[in-house]
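For reference, the structure discussed in these notes is given below.
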Amino acid sequence: MTRRRFRHVPFTIEQDQTAERAHQARCESGDGTECGVESGAHSGPGPVEEWQRGHTQETGHRR
């Protein structure tokens, strides 16, 4: 018979404060297939939201 030993180690999960946040979007809409166009990575949500508005106006894609 095999014996197992489990060791419980206390740990925490924290956000890495040194990492830069990246915001980006990808269009999942299209006629028959996914559009797949991406906004690119930005440091804040503002440019991504602006890209989404523009892409929706140009293409009519809603997702």
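Position 1 is the first residue of the sequence, and the numbers go up from there. The figures here come from the full heavy-atom set of this structure, side chains too, leaving out hydrogens, waters and symmetry mates.
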* Asked: H23 pairs by side chain to side chain contact (heavy atoms under 4.5 Å, CB included) with which of P45, S43, S39?
  -> P45

* G44 and P47: which non-hydrogen atoms are nearest, and at how many Å? -> O-CD, 3.5 Å

* **Straight-line distance of H42 NE2 to E49 CD, nearest 0.5 Å** => 11.5 Å

* Please identify each residue that fulfils side-chain hydrogen bond (donor to acceptor under 3.5 Å, both in side chains) with E50, with sequence neighbours left out. => R53

* To do: Could you pull out all residues at least two apart from T59 that satisfy side chain to side chain contact (heavy atoms under 4.5 Å, CB included)?
  => H55, H61

* State, to 0.1 Å, how close A25 and W51 come at their nearest heavy-atom pair, and which atoms those are. => CB-CZ3, 4.0 Å

* **Considering all heavy atoms, the nearest G40-Q24 contact** => O-CB, 3.2 Å

* Check whether more than 12 heavy atoms from other residues, nucleotides or ligands sit under 6.0 Å from atom CZ of R26, and answer yes or no. => yes

